[in-house]
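Because the structure is predicted, anything quoted here is derived from the model rather than measured.
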Amino acid sequence: MSPQPPSFDPTNRRKRPSANDAKNVGHGGEVPRAEHTQVFKPEDIPSSEQQRPVAAGQASAQVPPSYAPAGSRQSGEQYQQAPQRPSEPPRGNQPPGPPPAGRRPRKKRRKWPIVLIVVLALIIGWPGFLIIHGNNKMEHVDALSDAADTPGTTYLIVGSDQREEDGINDGATDGQRADSIMLLQVPESGNAALVSLPRDSYVEIPGYGANKINASYSLGGPELLVSTVENLSGMTVDHYVEVSMSGVSSLVDAVGGVNLCLDYDVSDKKSKLEWEAGCHDADGDTALAFSRMRYSDPKGDIGRAERQRQVVSKVIKKAASPSTLINPVKQYKLVDSAATTLTMSTGSGLTNMAGAALGLRSVMGDDGLMGAPPISSLSYRTPSGASAVLLDPDTIDSFFEKMKNGELTQDDFTDLG
């Protein structure tokens, strides 16, 4: 078997030999060395040789394709190509060929599904964590009565001053007190409304007779206060929310302070409020004094209730702002503070508190319905000689009936200027 010509050796990097170095394979003899290398051109080959077919078995005697001069291929002429090894690497600077058959190029893994799953887990899991954390930390109390349900959702929101170390002792009520009493009604249809009940309102307390409404809290705690409000309004309380007055300071600080407005100067020793007329940014301690101040207010309890609503409104507005809603640190701080300072009726939790916050936000807007109920006198003398607030006996029942049905208007509230 004749050896392969040097051009078939992939490891041979020497210059290809000329025709002078070729041997006569068929006869075993040596071809006489020519003095000059002759380059054959297509036109030098007789036409009979160009057209002569190659017989079977004589292919090995033909000049290999690698020795064919450039431009010598005629139309229709074919040459036998040398086989290529599949594993033979590309020569020179030639670009690599396609990958071997059966092997697929690797696809890059897309990371966006993993990122999406993580984002969804945070969006869903974080609120759930806050709710569980808040409910576990919040205190609950048996406050609701077994009265029949009335239409809509009714919240009783109470600010209590349980003779805290920094509380205000005015000598009027012994023991724990309800310094702020607000009734929020979200009707099935119509407009939500918020009524601030003056803590000195002279009302009937079930089992105890007529007295100031905040005395019911001192005599029987949240349960008696709820029963007293239900007896007065004809509406059944669905959720009881109590915040300690000192907790107001914590909530204000949790939202980063609030801007409060009062149009006269104040220097009140009991509440420790020092205020220059106008609007000012207030921290927690200042907001607490702003809410408690009473004796330097020309409208007394009514004026204090207005300022308390202002503080609540600003806290809710700040809590619902984008700067809080998109900040997990602020969210946690607010929920943690609320859970620490709030007490809710058994069976109620942060989701119910969120419902109350939404109701408060709607009534404390520019077109919201809030204020004091109809009042006959701010200095009514009780049989025992105490000064109290007398609600208008002629209109108070119809007022609460309208409130229950979502039919109140701003004209129905007391306007003391």
Side-chain angles (χ1 to χ4, degrees), residues 155-161 164 166-170 172 177-184 193-201 212-214 241-319 341-342 356-357 359-361 363-366 368-373 375 378-379 389 410 413-417:
Y155 302 86
L156 181 60
I157 304 171
V158 177
S160 67
D161 189 352
E164 296 167 355
D166 58 346
I168 302 173
N169 187 351
D170 59 6
R177 301 170 302 172
D179 274 1
S180 174
I181 305 172
M182 292 184 286
L183 190 64
L184 172 65
L194 177 70
V195 175
S196 293
L197 298 173
R199 70 174 205 165
D200 288 343
S201 298
K212 296 180 181 181
I213 192 171
N214 71 332
V241 183
E242 179 181 319
V243 55
S244 64
M245 293 305 293
S246 61
V248 172
S249 174
S250 177
L251 288 172
V252 171
D253 287 336
V255 298
V258 293
N259 187 269
L260 302 175
C261 300
L262 189 60
D263 57 3
Y264 55 88
D265 296 340
V266 175
S267 180
D268 188 74
K269 293 182 179 179
K270 290 190 175 182
S271 65
K272 301 178 183 179
L273 177 65
E274 298 293 333
W275 191 270
E276 184 179 344
C279 298
H280 307 285
D281 291 334
D283 60 9
D285 290 341
T286 303
L288 176 60
F290 187 89
S291 301
R292 278 176 164 169
M293 191 269 290
R294 176 186 183 190
Y295 293 101
S296 296
D297 193 318
K299 294 189 288 186
D301 252 355
I302 303 301
R304 184 170 73 160
E306 292 174 352
R307 284 180 279 106
Q308 289 171 347
R309 291 196 301 269
Q310 183 182 165
V311 172
V312 172
S313 174
K314 294 298 180 67
V315 169
I316 292 176
K317 184 177 181 180
K318 198 76 175 287
T341 60
L342 294 178
L360 289 169
R361 186 181 181 185
V363 301
M364 291 180 174
D366 294 336
L369 297 173
M370 61 180 179
I375 295 175
L378 292 174
S379 56
V389 175
Q410 196 61 49
F413 293 90
T414 294
D415 184 9
L416 298 179

Peer 1: Does any non-hydrogen side-chain atom of M182 lie less than 4.5 Å from one of L197?
Peer 2: no

Peer 1: Hey, are the side chains of K299 and L378 touching, using non-hydrogen atoms and a 4.5 Å cut-off?
Peer 2: no

Peer 1: Give the minimum heavy-atom separation between T341 and G247, together with the two atoms involved.
Peer 2: CG2-CA, 3.5 Å

Peer 1: Considering non-hydrogen atoms only, spot the tightest contact between E274 and D268 and give its length.
Peer 2: OE2-N, 4.3 Å

Peer 1: Which heavy atom of V266 sits nearest a heavy atom of S296, and at what distance?
Peer 2: CG1-CB, 4.2 Å

Peer 1: Go through the structure and list residues passing side-chain hydrogen bond (donor to acceptor under 3.5 Å, both in side chains) with D253, not counting sequence neighbours.
Peer 2: none

Peer 1: Are the side chain of R307 and the backbone of F290 linked by a donor-acceptor contact shorter than 3.5 Å?
Peer 2: yes

Peer 1: Hey, what do you get for OG1 (T414) to CD1 (I375), rounding to the nearest 0.5 Å?
Peer 2: 4.5 Å

Peer 1: Measure across S160 and E242 and return the closest heavy-atom pair with its distance rounded to 0.1 Å.
Peer 2: OG-OE2, 3.0 Å

Peer 1: Determine whether V241 and L156 make a side-chain contact, defined as any pair of heavy atoms from C-beta on separated by less than 4.5 Å.
Peer 2: no

Peer 1: Where is the tightest heavy-atom contact between S291 and V248, given as atom of each residue plus distance?
Peer 2: OG-CG1, 4.4 Å

Peer 1: Under the side-chain hydrogen bond (donor to acceptor under 3.5 Å, both in side chains) rule, collect the residues that match up with S201, sequence neighbours excluded.
Peer 2: none

Peer 1: Any heavy-atom pair between the side chains of Y155 and L183 that's under 4.5 Å?
Peer 2: no

Peer 1: Within the 4.5 Å heavy-atom criterion, are D283 and V252 side-chain neighbours or not?
Peer 2: no

Peer 1: Given 3.5 Å as the limit, does a donor-acceptor pair link the side chain of Q410 with the main chain of M370, or not?
Peer 2: yes

Peer 1: Can you find a heavy atom in the side chain of L369 that is under 4.5 Å from one in the side chain of V363?
Peer 2: no

Peer 1: To the nearest 0.5 Å, how far apart are CG in L360 and CD1 in I157?
Peer 2: 4.0 Å

Peer 1: Determine the minimum heavy-atom distance between P198 and I302, stating which atoms define it.
Peer 2: CG-CD1, 3.8 Å

Peer 1: Side-chain polar contacts of residues 258-265 - donor-acceptor pairs under 3.5 angstrom, sequence neighbours left out - could you list them?
Peer 2:
unit_1	atom_1	unit_2	atom_2	d
N259	ND2	D281	OD1	2.8
Y264	OH	D297	OD2	3.3
D265	OD1	A277	N	2.6

Peer 1: Whether the side chain of S196 engages the backbone of A372 through a donor-acceptor N/O pair (distance < 3.5 Å, no angle test) should be reported.
Peer 2: no

Peer 1: How far does OG of S271 sit from CZ of R292, to the nearest 0.5 angstrom?
Peer 2: 9.0 Å

Peer 1: Between the main-chain N or O of K212 and the side-chain N or O of R199, is there a donor-acceptor pair closer than 3.5 Å?
Peer 2: no

